[in-house]
Amino acid sequence: MSNPTKPIIAFDTETYYDKDYSVKTMGPSRYCRDSRFECYMVSVYDGESAWSGHPKDLNWGALSGAVWLSHNQTFDQTVYEEMVKRGQVPAIQRAGWKDTSHLSAYLCNRRSLKEACEFLLGVKLTKDVRDQAKGKRWGDFTSEDREAMLNYARSDAVHCYTLWAKYGHLWPEKEQRLSEMTIEQGMRGVQIDTELLKEYIVISTQMLQKTEDLLPWVKEGRPPTSPKAMAEYCRAADIPCFPIKSHFDDGEARYAEWEQAYGKKHPWISNLSSWRSINKFLDSLQTIAERVRDDGILPFGTKYAGAHTLRWAGDAGINFQNFRKVPLFRDQQGLLISDAALLKEISNSKSLPGFVTASLDIRKLLIPRPGMRMVVSDLSQIEPRCLAKIVGDDLMLANMAAGYSPYEAAARARGEWTSPEPLKSGDKELYALKKAQILALGYGAGPDKFELMAKELAGLDLSAQDPEFIQTISETGEPCIGSDGKPILISGKGSTAKRIVKEWRDANPGVTSLWKQLDAALKNSAGGTFEMELPSGRSMRYGQVRNECRMVRNEETGALERRWVKTADIGGRRYKLYGGALVENLIQAVARDVFCEALLRIEKIPGVHILWTVHDEVVAEIENGVDPEEIDRAMSETPPWFAGCPVSAETQVVSHYTK
DNA sequence: CGGGATCGCGCC
DNA sequence: AAAGGGCGCGATCCCG
């Protein structure tokens with residue numbers, strides 16, 4: 001906990017909102033700058049007495065020098081600063097400001113005050129009073145409404161305070177700092193190239209319109225992506241209905257196949273996907289345009305501990321963690337280029353080919369402030385490095401410590417590559433194979449999934465079957481021997497992937513035994529909580545573990561079968577879990593903790609301002625005279641609690657966000 | 001009219 | 001027995 005001698009005060013605000021004017025759609029900054037903005041109530045609680053009322057009536061001096069607490073600090077701080085700016089309330093010195101929604105997210109993966117209070121305090125809250133305030137200004141409240149609202153606001157402040165009083169000591173100082181940094185980053189914002197933004201909006205609006213004109217059902221007044229309309233058009237054209245991507249592991253491939261087969265004759269098929277991509281793109285642009293301030297700064301938010309691994313997540317309308325990497329390219333007809341061969345040609349050529357009439361790169365909009373430089377630095381293959389350390393794969397670790405990437409380290413550890421030449425240039429195919437294995441197989445993927453991931457991650461086509469594998473299925477030509485002592489014969493479709501998966505599992509007993517170990521430990525936790533302690537010292541918890549019997553349809557026979565599965569509660573929702581998934585959670589969480597240590601170091605470098613983060617990537621702007629190498633060094637350091645895990649980073653100075 | 005569920009599209 | 005996982009948001013449909 002921060003200095004206990006300092007007074008602690010919970011601080012909550014209530015503001016006007018309605019259907020068209022809300023924080024949810026506008027984000028706190030834009031919401032508070034609006035002419036409709038009105039904060040008609042604040043509530044405070046200092047552990048002894050609670051007060052609520054109009055901000056003009058609060059004894060603000062009493063809050064001076066205290067540590068303030070809010071549940072969703074960014075909102076309350078933005079409201080408070082807006083009132084100061086408007087001269088409605090005085091500027092008060094504080095000893096700190098803590099966000100109890102972050103505390104709760106850290107402790108139990110619950111963010112809202114309602115869920116936090118229910119889980120941590122055993123108190124059921126109702127937001128009825130708040131919901132009734134929709135569309136009402138202070139003058140519109142009846143005296144009864146006002147009384148209810150005052151009570152409601154006081155109780156929120158009390159709950160916020162109680163969360164801190166009971167649980168604040170369980171939130172490590174470092175995590176509190178990370179929470180604070182997250183809020184600072186979002187409120188400080190990023191510079192936007194507003195001229196380019198305008199240009200992009202014009203072009204993508206035209207592209208969307210042109211694309212929409214080619215969706216025949218839109219003329220009939222149907223929505224552009226109406227699944228019902230699409231199905232009707234398939235039926236009328238006498239072609240099979242489109243496959244639903246999420247219904248199959250290879251749904252993406254099935255859809256591509258369907259589009260390939262019928263897209264030529266029915267142009268609306270590819271225009272539909274184009275419409276979705278352009279629409280999403282344009283929506284991001286419009287959100288940026290609505291929220292950017294007159295000085296060209298865009299405030300934004302990211303969620304501290306947004307995932308149960310405690311990784312950050314996107315927040316509030318514009319997600320800084322999923323800006324598309326490949327630009328949208330426009331063709332001579334003014335439509336989106338979606339043909340795979342053309343896209344490949346574009347990416348392979350140094351300058352834009354003549355058939356491209358516009359290139360829209362959303363990342364180009366995010367630029368450093370005047371006089372600053374932007375730096376992008378990311379941890380190199382952090383998850384496989386963490387996995388090797390966790391399972392104690394000393395050979396891998398030694399090779400990585402010698403400077404090899406995990407992909408090359410794995411090849412060298414098995415003696416598959418011994419030349420002094422780098423694997424990446426020396427044997428492209430082996431490099432791709434090792435990359436696919438490292439990225440895909442650590443968390444339990446089977447052959448079918450591996451075949452898909454190998455294609456996606458390393459461009460490997462494993463669909464061809466090699467009759468050799470029937471007889472000689474190991475690298476040495478020896479048949480692999482199963483647990484029953486008999487050779488394992490592999491043949492038929494998917495034989496290549498099957499062989500590779502098996503070989504990898506045989507060569508990585510540390511990983512497979514960790515799957516089994518965690519799977520067994522989870523099973524043994526049935527009826528209680530399963531907990532994994534992480535090297536950094538924190539724990540991941542899975543509540544109310546159960547072994548459940550579920551009826552599952554057999555893919556091949558179509559018959560319903562009983563399957564025992566293990567499930568547990570994460571943040572109030574039930575998930576199916578198994579060894580591979582737990583290892584994945586574990587490694588993702590460990591990698592996040594490694595990244596956090598780097599962030600805390602970077603943040604201390606004078607003249608460096610972290611802008612935002614994307615899981616293993618930090619985007620910062622640096623003042624004149626700062627050496628970007630300092631950021632690279634801060635990123636490449638192994639945390640003291642993870643000695644022996646070689647950490648490496650890649651850092652570049654850029655004129656706009658890119659990767 | 002709003003919430004829930006589902007699907008698609010982005011990212012690591 | 002086998003099984004990669006983690007996010008957010010817009011569009012649509014359905015239901016109360």
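The shown structure was predicted, so the numbers you read here are calculated from the model rather than taken from an experiment. Residue numbering restarts at 1 for every chain, and letters A, B, ... go by the order of the sequence lines.
- Across all strands shown, A/Asp315 has heavy atoms under 4.0 Å from sugar-phosphate atoms exclusively, and none from any base.
- A/Phe323 places its CZ atom 19 Å from the P atom of B/dC9, with the value rounded to the nearest Å.
- Candidate nucleotides B/dG10, B/dC11, C/dG4 were compared by shortest atom distance to the side chain of A/Asn319, and B/dG10 ranks first.
- Contact between the side-chain N/O atoms of A/His308 and the OP1/OP2 oxygens of C/dC7 is found at a separation under 4.0 Å.
- Between the CE atom of A/Met453 and the P atom of C/dG6 there is a distance of 13 Å, given to the nearest Å.
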Starting from the C-alpha separation in whole Å, work towards a yes-or-no answer on side-chain hydrogen bond (donor to acceptor under 3.5 Å, both in side chains) for A/Arg111 and A/Ser101.
CA-CA 5 Å; A/Arg111 190 163 293 267; A/Ser101 77; 4.6 Å; no
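- A straight line from CZ of A/Phe320 to P of B/dC12 spans 15 Å, rounded to a whole angstrom.
- At least one side-chain nitrogen or oxygen of A/Lys134 sits closer than 4.0 Å to the OP1 or OP2 atom of B/dG2.
- Using a 4.0 Å heavy-atom criterion, one finds that A/Gly317 contacts the sugar-phosphate atoms exclusively.
- Between A/Tyr575 and A/His308, the ring planes lie parallel to each other; the angle is under 30°, not in the 30° to 60° tilted range.
- For A/Lys245, the side-chain atoms get nearest to B/dG8 when compared with the rest of C/dT12, C/dG6, B/dG8.
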Quick one: do A/Lys523 and A/Glu548 satisfy salt bridge (Lys or Arg N to Asp or Glu O under 4.0 Å)? Show the steps, please.
CA-CA 11 Å; A/Lys523 197 173 180 181; A/Glu548 290 178 24; over 6 Å; no
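- The residues A/Lys136 and A/Asp18 are annotated as not salt-bridged, no charged nitrogen and carboxylate oxygen being separated by less than 4.0 angstrom.
- The base of B/dG10 is paired with the side chain of A/Asn322 by a donor and an acceptor separated by under 3.5 Å.
- A side-chain N or O of A/Gln588 and one of A/Glu584 form a donor-acceptor pair less than 3.5 Å apart.
- Using cut-offs of 30° and 60° on the angle between ring planes, the pair A/Tyr106 and A/Tyr304 is parallel.
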Check against salt bridge (Lys or Arg N to Asp or Glu O under 4.0 Å), A/Glu232 and A/Arg222:
CA-CA 12 Å; A/Glu232 284 168 26; A/Arg222 319 282 296 268; 3.1 Å; yes
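- Of the candidate nucleotides C/dA2, B/dC11, C/dG8, C/dG8 has the atom nearest to the side chain of A/Ala313.
- Note that the CE atom of A/Met230 and the OG1 atom of A/Thr225 stand 7.5 Å from one another [nearest 0.5 Å].
- Ring geometry for A/Phe323 versus A/Trp612: interplanar angle over 60°, hence perpendicular rather than tilted (30 to 60°).
- Look at CE on A/Met230: it is 11 Å from P on C/dC13, rounded to the nearest Å.
- Between A/Tyr16 and A/Tyr21, the ring planes lie parallel to each other; the angle is under 30°, not in the 30° to 60° tilted range.
- For A/Ile244, the listed nucleotide lying nearest its side chain is B/dC7; candidates were B/dC7, C/dT12, C/dC7.
- Atom CG in A/Leu514 sits roughly 15 Å away from atom C1' in C/dG5 (whole-Å rounding).
- Not a single donor-acceptor contact under 3.5 angstrom links the side-chain atoms of A/Arg324 to the base of B/dC9.
- For A/His615, taking side-chain heavy atoms from C-beta onward, the closest of the listed nucleotides C/dG4, B/dC12, B/dG8 is B/dC12.
- Proximity note for A/Glu383 (side chain, C-beta onward) versus C/dA3, C/dG6, C/dG4: the nearest is C/dG4.
- Near DNA chain B, defined here as any heavy-atom distance below 4.0 Å, there are no residues from residues 575-593 of chain A.
- Of the listed nucleotides (C/dG4, C/dG6, B/dG2), B/dG2 has the atom at the smallest distance from the side chain of A/Lys19.
- Taking the side chain of A/Pro223 as heavy atoms from C-beta on, and the options C/dT12, C/dG8, B/dC11, the nearest nucleotide is C/dT12.
- Near-neighbour residues of DNA chain C inside residues 272-288 of chain A, defined by a heavy atom below 4.0 Å, number-ordered: A/Asn279, A/Lys280, A/Asp283.
- In this structure, A/Leu518 places its CG atom 14 Å from C1' of C/dG5, rounding to the nearest Å.
- Contacts of A/Trp564 with the nucleic acid, taken as non-hydrogen atoms under 4.0 Å apart, include base atoms.
- Residue A/Arg505 is in sugar-phosphate contact alone, with no base atom involved, counting any heavy-atom pair closer than 4.0 Å across all strands shown.
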